[in-house]
2 protein chains.
Amino acid sequence: MSRSKKKPADSPDDALPKAVGHRLSLYLRELQRLLSDGQETTSSGRLGQLLGISDAQVRKDLTYFGHFGYPGVGYRCDELIDAIRRILGTDHRWKVAMIGVGNLGRALLGYRGFAQQSFDLAAAFDVDQSLVGRPIDEVMVYHLDSLDETVRRLRIKLAMIAVPATAAQEVADRLVSTGIEGVVNFAPVTIQLPEGVSLIGVDLAIEMEQLTFAALNRLREDRSATDGD
Amino acid sequence: MSRSKKKPADSPDDALPKAVGHRLSLYLRELQRLLSDGQETTSSGRLGQLLGISDAQVRKDLTYFGHFGYPGVGYRCDELIDAIRRILGTDHRWKVAMIGVGNLGRALLGYRGFAQQSFDLAAAFDVDQSLVGRPIDEVMVYHLDSLDETVRRLRIKLAMIAVPATAAQEVADRLVSTGIEGVVNFAPVTIQLPEGVSLIGVDLAIEMEQLTFAALNRLREDRSATDGD
DNA sequence: TAGATTGTTAATCGATTAACAATC
DNA sequence: TAGATTGTTAATCGATTAACAATC
């Protein structure tokens, strides 16, 4: 029997509920801000208040992977930051490839927020020969033909797809064959990946749609609340 | 009594479950692709397959706001597209303001995907005088000081925040006072808005963290699946 | 008609919240 | 000690799935 009934505090044996992941990132961002504001400790109540969720939710999320709190006191920001980074996998750095150096890809190459959270843009790729061979924001641009060779040589494990929708699936397939571990797809199209590769889709037009949907939904709520009286 | 027990087919009186909104956008994107590929009809099974969700889920989502299907046949793509756009609010166009014309803001001004889904970038704002007064990608750049006046004059209802994290909350507050209806925040910080304004947060570093989290979670799953045997 | 697929109900599953003893 | 806050259990809530009669 290689395993006890209770999980060890800091290396969970079971997958965490899906919804927890995103909140962990929000906790981390908030904790980093609190710490840089000079706050040494905080509480589930405070954290929940800042993020608009309940204190019980915060504590529950954190207990999935250990016991970091001090009853009567709260949590030490630095300890909790370290713990969450371990869970998210950002306690070490990751190399990232950018595929597509058009409008959006170029902007993302210049975004400093990635490096701050342990992601290093290690290479960019495009089919436009006029872009190849020259760095953009200190990231070298390679021809897409060298994708497999370059990704393997530099040991890149993650990629962002910022190519036109029509090319996204083919690029994704080529990335998979390099042995990549995860992909963020910015192209406005659903792509299919095999089981073993993580996929996050970010569609900017869809985010805007969620805004108008929420605005209309608010009207629908109001209507049903005041209706029938 | 102004209302029957059953909801009318195409104008729901109750707010839709939160999780449904995002899937509606995915259905819409897929339907538009199917239609442009010449598919006149599709089915819940096919749609679910393309998006990796169950056929029951698709049908359930669609029945929240009506009966569009033809038993034995499926759904007409064009009808369903129209219906979903009505629900999302993209059956008419929306004017959008971009606040912050740095790296990211500029890239977003050039993104054609917004216009395709009914969002028109109507004005951009920055504090950098050297940018003010000249259009970028056909969008005029105004000084942030004229935010209130310009947003009201152009009847802009939505905004994107692409300013540094430290300025995001103040910009958000100023937007609220113009009477804006919704905001997408690209700054990596939590901002607080009053009840009546919709807020979507898009943090690109957090999306990357979700990728590494998912990759590690996969390992945790495998470990617990093969463990204890 | 036989085959396909919807709309809908009931059962299941998972996630959130409330409550409180244990702890500092 | 009194006050604050954790970790955890049980109750609640909401979302997903399975199943199937109704329909074309």
Side-chain angles (χ1 to χ4, degrees), chain A residues 5-10 12 14-24 26-27 31 34 39-77 79-80 83-84 87 217 221 224, chain B residues 5-10 12 14-24 26-27 31 34 39-77 79-80 83-84 87 213 217 220-221 224:
Chain A
K5 295 278 137 56
K6 290 272 164 197
K7 297 169 199 144
D10 46 14
D14 295 307
L16 300 166
K18 176 127 192 323
V20 176
H22 195 255
R23 284 196 300 268
L24 289 179
L26 295 177
Y27 300 154
L31 286 161
L34 286 168
Q39 296 279 324
E40 303 248 310
T41 65
T42 191
S43 66
S44 59
R46 180 101 187 85
L47 222 36
Q49 188 180 39
L50 290 167
L51 296 170
I53 59 187
S54 74
D55 58 328
Q57 176 89 84
V58 175
R59 292 198 299 281
K60 184 105 237 248
D61 285 346
L62 297 179
T63 54
Y64 281 114
F65 50 93
H67 313 234
F68 316 107
Y70 302 93
V73 179
Y75 301 87
R76 286 197 55 85
C77 292
E79 285 179 8
L80 201 44
I84 294 177
I87 298 297
N217 225 14
E221 250 165 28
S224 70
Chain B
K5 294 277 137 56
K6 289 271 164 195
K7 297 168 198 145
D10 46 14
D14 295 306
L16 300 166
K18 176 128 191 323
V20 176
H22 194 256
R23 284 197 299 268
L24 289 180
L26 296 177
Y27 299 154
L31 286 161
L34 286 169
Q39 296 279 324
E40 302 248 311
T41 65
T42 190
S43 66
S44 59
R46 180 102 189 84
L47 222 36
Q49 188 180 39
L50 290 167
L51 297 170
I53 59 187
S54 75
D55 58 328
Q57 176 89 83
V58 174
R59 291 197 300 280
K60 185 105 235 251
D61 285 346
L62 296 179
T63 54
Y64 281 113
F65 51 94
H67 314 234
F68 316 107
Y70 302 93
V73 179
Y75 301 88
R76 286 197 55 86
C77 293
E79 285 178 8
L80 201 43
I84 294 177
I87 298 298
F213 173 73
N217 225 14
R220 284 188 278 262
E221 251 166 27
S224 71

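Just so we're on the same page: letters track the sequence lines, and every chain starts at 1.
In this structure, the separation between CD1 on A:I87 and CD1 on A:I84 is 8.5 Å, given to the nearest 0.5 Å. Rounded to the nearest 0.5 angstrom, A:L31 CG and A:L24 CG are separated by 10.5 Å. Rounding to the nearest 0.5 Å gives a distance of 8.0 Å between CZ of B:R59 and OG of B:S54. To the nearest 0.5 Å, atoms CZ (B:F213) and NZ (A:K18) are separated by 9.0 Å. Note that OH of A:Y27 and CG of A:D61 are 3.5 Å apart. Values are rounded to the nearest 0.5 Å.
Here the P atom of nucleotide C:dG14 and the CZ atom of A:R23 are 16 Å apart, to the nearest Å. To the nearest angstrom, P of D:dG7 lies 12 Å from CG of A:D61. Between the CG atom of A:L47 and the C1' atom of D:dG7 there is a distance of 16 Å, rounded to whole Å. Rounded to an integer number of Å, the gap from A:R76 CZ to D:dT5 P is 16 Å. The separation between A:Y64 atom OH and D:dT8 atom P is 12 Å, rounded to whole Å. The CG atom of A:L62 sits 15 Å away from the C1' atom of C:dT16 (whole-angstrom rounding). Spacing between atom CZ of B:R46 and atom P of C:dA4 amounts to 16 Å, rounded to whole angstrom units. At whole-Å resolution of the value, NE2 in A:H67 and C1' in D:dT5 are 16 Å apart.
The side chain of A:P71 lies closest to D:dT5 when the candidates are D:dA15, D:dT8, D:dT5. Checked against D:dT6, D:dT16, D:dT23, the side chain of A:S44 finds its nearest nucleotide in D:dT6.
For A:Y75 and D:dG7, the shortest distance from a side-chain N or O to OP1 or OP2 is below 4.0 Å.
Contacts of residues 53-60 of chain B with DNA chain C (heavy atom under 4.0 Å): B:R59, B:K60.
At a threshold of 4.0 angstrom between heavy atoms, the contacts of B:G69 are confined to the sugar-phosphate backbone, with no base atom among them.
Within 6.0 Å of the CZ atom in B:R46, the count of heavy atoms belonging to other residues, nucleotides or ligands does not exceed 12.
Of all non-hydrogen atoms in B:Q57 and B:I53, the two that sit nearest each other are CG-CD1, 4.3 Å.
Every residue was checked against the side-chain hydrogen bond (donor to acceptor under 3.5 Å, both in side chains) condition with B:Q39, not counting sequence neighbours, and none meets it.
Looking at which nucleotide of DNA chain C each of A:Y70 and A:K18 is closest to, the 5′-most match is held by A:K18.
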* So what's the dot-bracket for DNA chain C: Watson-Crick or G-U pairs under 3.5 Å, [ ] if a pair crosses, | if it pairs off-strand? -> ..||||||||||||||||||||||
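At a threshold of 4.5 Å between non-hydrogen side-chain atoms, the residues B:L62 and B:Y75 count as touching.
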